[in-house]
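For reference, the structure discussed in these notes is given below.
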Amino acid sequence: MSMVKVTIDGRTIEVPAGTLITDAAKMAEVHVPIFCSHSKLPPLGACRICVVEVGTPKMGPDRKPVLGPDGSPEIAWMPKVQTGCTTPVTDGMHVKTASATATQARKGVMEFLLVNHPLDCPVCDEGGECQLQDLAFAFGQDFSRMEQAKRTFDSEDLGPIVKKEANRCIVCMRCVRYCDQVMGEDALTAHQRGAHTEISSFNRQPLDCEQCGNCIEVCPVGALTALPYRFKARPWDLRQHITLCPHCSNGCSVRLGVRGMEVLRARGTENRGVNQEFLCVRGRFGHDFVNSADRLSAPLVKQGGSLQPVTWDEASAQAASRLRDIAAAHGPGAIAFLGGEQLFTEEQYLMQKLARAVLGTNHVDGRTRTVARVPGDAVLRATGGGRPPLTFTDLVNAQEVLVLFDDLQGESPYAQALAIRGQHQTGLHLTVAHPRRVKLARPKFKGDWLGVQPGAELALVHALTKAALDLGAPSDLPGEISWGLEALTKSLASWTSERMTRETGLSADAIVAAAKRLRGAERKAVLFGRAVTEHPQAAALLQAIENLGWLTGALTSSASRVMYAGTHSNSQGALDNGLTPDFLPGYVPVTDAAGREAFGKSWGCTLDGEAGMSAPEILEATAAGRIKALWIVGDQWLRTAPDAALAARALAAAELVIVNDLFMTETARAAHVVFPVASFAEKDGTSVNCERRAQKATRALSPKRGSRADWEVFQFVAQVLGADWRYRTTEDVFREMARLVPVWHGMSWASLLPNGATWSATRVAGSLGYAEPDAKPAGEGMWLLSGGTLFAVDGVGERCSSLARLAKHARVFVSPAEASRLGAAAGDMLELEGPAGVVVLPVEIDDSVPPSAVFVPYAYAGAGVNRLGAPKGAGLRVKARKAAAAAKAGA
Amino acid sequence: MSHAPVMPVEAPAVLEWPEAVKAEVAEAISHYPVKRSAVLPLLWIAQRTWGWLPPAAMQLVARTLELNEPEVFGVATFYTMFNLQPVGRHHLQVCMTLSCSLMGADRLFKHLEHKLGIGHGETTADGRFTLRRVECLAACGGGPCMQVGLDYYEDLDETKVDAILEKLK
């Protein structure tokens, strides 16, 4: 990129050609005010507040700059001021931002912007953090020559989230453009014209959109404000802390506004975090569970059949002594640890250290939703074995993006927003493989939808791999991969175009074209998530994705362009830190004697060299009575376990169940010891997002009275069990990790600020492999599709008032064709019968659901998808019929 | 020319193009290299078909052109000649811009208000007339002027207006 020299207010800097004056000014540390300009949106020049004087070197007849008496080029100043946000710099350009002309012009613009703006700052939620207010102080004047009445509009509620006071609007169009280009929602538009221009929705109806509230965030004035926060506080009353959002694996930074002991709002922050100002509805409105009055406030111990509050000392003594008894009677292998994917990295490390070093069991698994055993390094191998990972910046700049089986709207809202912005601004092309026509697969985004048959996920990845292989394998494959190429070629030989079509239900041409696009693109990205790891054939699917990565060049010997967006905020951290039965922290195999010894030496113990049981195996073993003690950390196991009935049996059969949670969940009710723990906002730590970026979270308020952070719980119990643990803070834990765990070597909390750091020092060798897809379950019935949706989020979501209102209630989505076949209208009750049970849910008709399938989002209270039974082989089929009228009344 | 049949205020939730205009819709779209460009012609066809633009008509245009509904709404509200409320059988639009004003448009408008008993933007109870002030009708040589439906009347005064109203049933 060629660089040009530009002088702004006497400061000369070099910037890339094409940089806009406002951005160049930022680099030169000169303040140019802006309203309508936004770093994620193309220039518009609507508000004119950024006007500056611009001059370029005067050219002589010989096309050479004319030099002044002092030998420097003479500057030809443009006769009028220019908008800095739309004018790119050129070589030798001079800019004056504070000259008399520029100041005068800006004052005039400010006077116009204030023509209709009401003086209601004292009752405006934006007051105190309003850009118009700030800039009026800086550049405006204390009177107006405009004596006419101001134009007025009625205030409107645009749905449950957005409050509109159009009187305050300065028509910068940021909200409209952000909604269109970043969110892909186009829910807002400008109505009328001239002075009467007003931002609203179609026909002023409530916004039918993701309710992300980003329009509120980008509004430079108080025209759009958040209804949930309306009149709650003044910004100067709030303590603001930047921490990490707990709701998905994107790892967005949220700025919590805290007053007293109450979290009142969450916002994004310019120049901070991966997301900057962006937050989805969960990030922005999913925080009030922290304030919930239902939070547990004392440890509970089951006495005489009911849970009784006790002191922390009693609870940890009780937990420790019973764990010790069970270990003594049945061996440490009778103890298992589940959950912990939402915990901070340091806490995960202590959780598995408690299990492995103090109690001596390798039955540790964070992935409670998995239905089959998945090797602990399978995800890492599918994402390049530790090679520098795909970042969000790579994603937005990609030419081709392949989304494998995830609905990013529900699972990775920020990744979705980046894909949409890329599609709008840089011609990113999307290929979405998903049985449902999810948002990104809609025609609006001009991508290709691979509407794969439910249950044919593995078949599709094989077909794509085969198509890529036919184009010729990339030349720069590492040795261990090119080694397996021959065998894979042989295994994939059976994937003729007929077989591709037969097994996936897609035309072979579409599959070949998708593989060609991915293979041919220079900048590419492959995204997958929980739909893969929670698939019944997850291990084979992950291997298939690794094959696809190597053969399309998404994985190369130097970098990875494959991203895994896990189920929870720190799913990646859980894998990195040994919350898997077969790996110690840093992907050291449990079976590796040397690695085990190194950990054992530091931890002062001998570690078990046999891999433990994975979550689904723990489930079976507990129900069968082989595991006697379960410690469930932050997980509503009765809802998340693949088979609810089996989980209930397991909880009943276990001699000891310990639960760490914020709330009295159904799972906690079945426990013998319940530890009330701190929420994400109440503790310090680090979390690893889907970019594999470790970020530091800072606590915003002290833990609710009576609760402690999970790591403290582990430490209490470990100490009672005789371990010499003396961590004062989680930073102490991180120091130990940086010393012991390969992936964290050389890192410190300080090195993670402000925007995190990515580890890529450790390598796990890749491989190619092949497994045949399982035969589809025979027989009748509809495919059960499950997955995340935007508004509903496990457990805590239902305790966030705005999210709960938006999520409405649990329901089953069916296509219009199926609905009429079943004779069910919207709102009728539908009975779903699976191998293990029956669930009755109201119907919602949704044309994104394919025929012969039903979609039940899992995260709803009472949706109870897991009561139907665990999926096996390619998936789960259920019988659906309209429930009798009695069921409707009963539900 | 009088308006097409006036749709009742309670407009249906979903509208489809009547058979009679389908060809015209297709033709309008065929004039442009990209579909979205046909938004104005289609809004015109819709307004002619239903007399005004109920939300369902704008949704129909959005659906036909694969546009977002709010976008069509923004376009329809931008132009004053699209009726977002039902109008009477005869839409009286009196020019209020400079030439007509100088020639007595204000007086003429007051006369109409008085005679019909309605103000700007209102419709008579019998659904016969809607009265509206508009900006320049580009007939400055014949001010004051008035547009009724799609017809122009120029060099008006009270008597001439009364005669015109008499003819419009």
Heavy-atom count around Lys808(A) NZ within 6.0 Å, excluding the residue itself: above 12? no
Above 12 or not: heavy atoms from other molecules or residues under 6.0 Å from OH of Tyr32(B)? yes
Could you list which of residues 215-228 of chain A have a heavy atom closer than 4.5 Å to any heavy atom of chain B, in residue-number order? none
So which atom in Pro70(B) and which in Ala187(A) form the shortest heavy-atom distance, rounded to 0.1 Å? CG-O, 3.7 Å
Over 12 foreign heavy atoms within 6.0 Å of CE, Met146(A): yes
One should read off an interatomic distance between Thr189(A) OG1 and Asn68(B) CG, to the nearest 0.5 angstrom, of 9.0 Å
Asp154(A) atom CG, over 12 foreign heavy atoms within 6.0 Å: no
Quick one: does any side-chain atom of Thr77(B) pair with a main-chain N or O of His191(A) as donor and acceptor, under 3.5 Å? no
Decide side-chain contact (heavy atoms from CB on, under 4.5 Å) for Thr80(B) and Arg193(A); before the verdict, give the C-alpha distance in whole Å, the side-chain angles of both, and the deciding distance to 0.1 Å. CA-CA 9 Å; Thr80(B) 53; Arg193(A) 62 175 171 184; 3.6 Å; yes
Is the NE2 atom of His114(B) crowded by more than 12 outside heavy atoms at less than 6.0 Å? no
Using a cut-off of 6.0 Å, state whether more than 12 heavy atoms not belonging to Met103(B) lie near its atom CE. no
Met58(B) CE to Asn203(A) CG distance, which is reported to the nearest 0.5 Å: 5.5 Å
Rounded to the nearest 0.5 Å, how far apart are CD of Gln59(B) and CZ of Phe202(A)? 4.0 Å
In Å and rounded to the nearest 0.5 Å, what is the CD to CZ distance from Gln205(A) to Phe73(B)? 8.5 Å
Measure Glu66(B) against the heavy atoms of chain A and call it side chain, backbone, both or neither at under 4.5 Å. neither
Taking everything shown except Asp157(B) itself, do over 12 heavy atoms lie less than 6.0 Å from its CG? yes
Near Arg821(A) CZ, under 6.0 Å, is it more than 12 heavy atoms from other residues, nucleotides or ligands? yes
